[in-house]
Amino acid sequence: MEVEGALPMDDKAKRMRDLLSSFYTPDQSTPGSPPHNTVSRFATLDTINTTSFDADQYMNLLVQKSSLEGLLQKHVEMAAEIKNLDTDLQMLVYENYNKFISATDTIKKMKNNIVGMETNMEQLLEKITSVQSRSDGVNTSLFEKREHIEKLHRTRNLLRKVQFIYDLPTRLQKCIKSEAYAEAVKFYTGATPIFKAYGDSSFLDCKRASEEAVSGLVFSDSESIQARAEAVMLLKKLDFPVENLKVKLFKKLKQFLVDLDLEYKELANAPVNVDESINQNSASTTAHEASIHEFAETVRAYKVIFLHSEPQLCNLGQDLVKKHFEAIHQQIIKHVRSADLLAMLRIIWTDVLLMDEVLPEASLPDFALQHARVAIKDYTCSTFSRLLMNISDTLKKFQLTLKEEMEEEYPLRAALEASKKAVMQGSMDALMDFRLLLDENPELLLKLRDLTINWVHEGFQDFFRKLDGYFLLLSGKNNSAFQDVNLIEEMQGEKISAGLVLVLAQLTLYLEQTAIPRITEELASFSAGGGVRDLATVPAEIGRIFRSSGESFLHLYIKMRTQKISVLLKKRFAAPNWVKHKEPREVHMFVDLLRQELDEIRSEVKQILPEGLTHKHRRNNSNGSTTSSRSNPLRDDRLTRSNTQKARSQLLESHLAKLFKQKMEIFTKVEHTQESVVTTIVKLSLKSLQEFVRLQTFNRSGFQQIQLDVHFLRTTLKDITEDEAAVDFLLDEVIVSTAERCLDPNPLEPPVMDRLVQAKLAKTSEQGGDEKSK
Amino acid sequence: MQGGSTGIGYGLKYQARCISDVKADTDHTSFLTGTLSLKEENEVHLLRLSDGGTELICEGLFSHPNEIWDLASCPFDQRIFSTVFCSGETYGAAVWQIPELYGQLSSPQLENIASLDGHTSKLRCILWWPTGRHDKLVSIDEHNLFLWSLDTSKKIAQVQSQESAGMRHYLTGGAWDPHDFQTVSLTCDSSVQLWDLRTMKKTDSIDRAHVRNVDYDMKKRYMLVTAEDDSGIHIWDLRKLKSPVADLPGHSHWTWTVKCNPTYEDLILSAGTDSAVNLWLASPSIHDDPVKDSLLTSQNRTEPLLNSYNDYEDSVYGLAWSSREPWIFASLSYDGRVVVESIKHHLTR
């Protein structure tokens, strides 16, 4: 009961609401109403408030469920509820009725108020229309005057603007005079739209005048850089064609550069004579400094004035450096000494530093360094090529003098000495030059020091190789190897004289033994400062090259000389018919010619080559050998018996002899001594003689003639040759060969031979005496 | 004494200058050699290398009427050869046929197929076309060049054409281009002359004094090798005659003769009056590079020389490669000693 007592409060209100809601909205589907079928099944006592309330069912349920007491109680409850509901309903109806009555009253009141409104409105409309017509009248009456005023006003404005523009040049000028440039620019910018619109026609003069006035700002050199920079800024603001200005100014800079270059050339040309030109030099140096300062300043100004102009300026700076180095290149071509080169480099370096301050973007020092590298390399190359030219000139001069009359007593010796000196002195001078280059060490070169040392080393190596190539070319040995076109051209058509070959031979020996070690030594001390890679093996290699060249020159000399003698002998053997030779009357002329040749050779050799140690016939370094087929007694023996014995047995005998003989070396190694060379030539000539003999067939007289000639030679050759045994042996060989090729080898009697030889000796000495007396 | 032990020797009785490879003999490696004796009866020796290659066997010994200055074997018939002979003032040339050998070693008479008469000055040499069968012969005397047409079966030789090289030129020898049977090169005292046999005219010349001997490269066309008295050996390209393609130092005295190997390129043999035979490997490619050359000449100068055979007692005048076994050559020194050497161990390089 107590529990349910609490509920009715809510229930009451709820029911009220539900009732009201069902009243206003008679909606069937109210929430909470369970479907009909479910009611029957789940019928509870709660369904009393729903729409699907079934009274009978409810009663049944109630009767079934509840006890009597409960039912009674329920009955009381329900009676009370019903009573409540009735009063509620009554109240609701009453309230509604009240509202309806008040509404009806209101409508009645409204009806009465609305009646006078219509007339009021019509009056208002009338008044408004009259007002409008009046205002229209005013408008039309004032319109003309107002238009006129407006026109006048516009004209006035235009006139004012025109006035401004006409005044603009003078005003600008005034501003410029008073240096109120900003003001001027403001004026000008104000006028620009008009200029743009009408500038082509009527305001052209005006425009030009003002533009001139403005651009005058930039070009006036007297202005300070800042001022000018500002001016340019202003000009930029003015949309003035700044590019044009820029180009002009740039051209000016370039022009400056050209002028500078000219000055520089003068400077470089000047120091021919150092003492004289010092003043001049320094004067021009200061002039140069001044101008470069100016240039730097201008560049700085330019840089400030025109923003983003660095690339161009960098180019300009690099041009400057390039021009400097071009000038140096020219100088190098013209042969400049290292002191002058240094001076030039120093100037460049100062210039570069100056420029670097102004233009760090251009990284001119690096650029200059690169170029300096090239220049130094160039310099070393040119130095060495000049050295080579000097030497070749020396040699060529002597070749010419050799071709003409020999006025000097010892032309070959002179040539040798001169060329020795040329090589040695030239190399030393060059080295001195380079040393100077290193010692003075401007900053520029300091960085290149190691490189320079390397270049000098390489230069020397290259120089020696080229020298060797040149020598070979000179001697006509290899035509293709040498690449210097000039030298080749000069050499063409000229055959080198044998004497010069000999000079070359000795010169290369000198180079190998003296010059190269000395120069290497100097080089070592030269490069002591810098850590340079090991070059020790190279001099040895070059030495080897020269040694082999020296040998080949010596061989060439011998070859040339023997060739000459060969021709002599060939003529001798080609001319007579040896099979029909007449009995020998005297020693043949060719012996004289041979002697003459040998004398010439000896005189040449004496001038050039050192005297050898008096050693006889070194056996160990032979490179070719022939054998003595017969010993002397055997030969004599055989010759006397040759008439009586058969040649076959002779041959057998000689074969037998060969088994026991010693090897006689003919073709020994040639040394750089007088004796060795002469002996080699004599030996080769005698061998040739033997070969010529073998190609002929002789009669008895022919044989005897040869015998006589050989006999004579034996006495004369003994004096001049070192290797007597070999010469003897070869002469014997000649006679044996002749005997073999003789149809009737019957030798002359020794007394007869001696007599004829004596006669010949007497004759030659007489001739010699005659010549002396003449 | 390099190579001294490898040589196989054979002694002739007299002095001799010429030896020739019997090219037509395909079964054996054989050489023909003739003696040079003024007063004795001269001989022609047919030598054969034994199968083992250890011995030189005399296959035939024939007497020859005069001393032999030049001998050349016919390249297509092993029994035919030519000689140039001389005694005192008389000179002549003939083509000979070796009679059938029936095992006996006695001296049967050589059969004279044809005498090449008509020369008016001293005969120098007879040339066969080296490459194969060709019915022409070239004979060279001091001033003239003769072209013979030879019929070995009918045993007739006729002068087909002749031309004088001019009295001023003393011809000394020559070689027939193996690649072109219209071309011969002649050596004279001041130049090497190239002749066209169709027109019998000089077509070109290499001005080079004292050329002793020429030889064509059998393998490389246009390659000519010359031996000169004093300036060694030169290799020429016949298409550019201005300067030699390569030089070799040659010998200590005259370089008398050069022979190109018939099979292996650039392999050159030379013999000289310094009693030596030198074997060269000339590769012109080394010399084509002038830059390298200037640096390397001194080092390479001795390199082309593969071997020097020094075991001779006298000047070596005769030299012949075997065409059957191209690693074998025969050399003949003046004292009549034939030495056959094998260069096989040089070839492996």
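A, B, ... follow the sequence lines: proteins, then strands. Residue 1 opens every chain. Atom set for the values below is all heavy atoms of this structure, side chains included, hydrogens, waters and symmetry mates excluded.
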Engaged part of A/Ser566 at the chain B interface, taking heavy atoms whose separation is under 4.5 Å: side chain
query: Contact part of B/Arg337 toward chain A, heavy-atom cut-off under 4.5 Å: side chain, backbone, both or neither?
result: neither
- request: Sequence neighbours left out, what passes ring-ring contact (aromatic ring centres under 6.0 Å, His included) with A/Trp578? Give chain and number order.
  value: A/Phe573, A/His581, A/Phe698
statement: Applying ring-ring contact (aromatic ring centres under 6.0 Å, His included) to B/His64 and not counting sequence neighbours gives B/Phe85, B/Trp96
- request: Sort B/Tyr170 into side chain, backbone, both or neither according to what part of it lies under 4.5 angstrom from a heavy atom of chain A.
  value: neither
Heavy-atom proximity to chain B below 4.5 Å, by part of A/Leu695: both
task: Would you check if B/Glu67 and B/Leu38 make a side-chain contact, meaning some heavy-atom pair closer than 4.5 Å?
output: yes
task: Look at the side chain of B/Asn213 and the backbone N and O of B/Val258, then say whether any donor-acceptor pair between them is shorter than 3.5 Å.
output: yes
task: Please state whether the side chain, the backbone, both or neither of A/Arg741 comes within less than 4.5 Å of a heavy atom of chain B.
output: both
query: Any idea which of A/Lys570, A/Lys580, A/Arg547 has the most non-hydrogen atom pairs under 4.5 angstrom with chain B?
result: A/Lys580
task: Using modelled atom types only, decide if a donor and an acceptor are shared between the side chain of B/His251 and the backbone of B/Thr273 within a distance under 3.5 Å.
output: no
- request: Would you tell me whether B/Asn278 and B/Ser308 have side-chain atoms, one donor and one acceptor, within less than 3.5 Å of each other?
  value: yes
- prompt: If you tally heavy-atom pairs under 4.5 Å against chain B, which of A/Gln690, A/Gln696, A/Glu691 wins?
  reply: A/Glu691
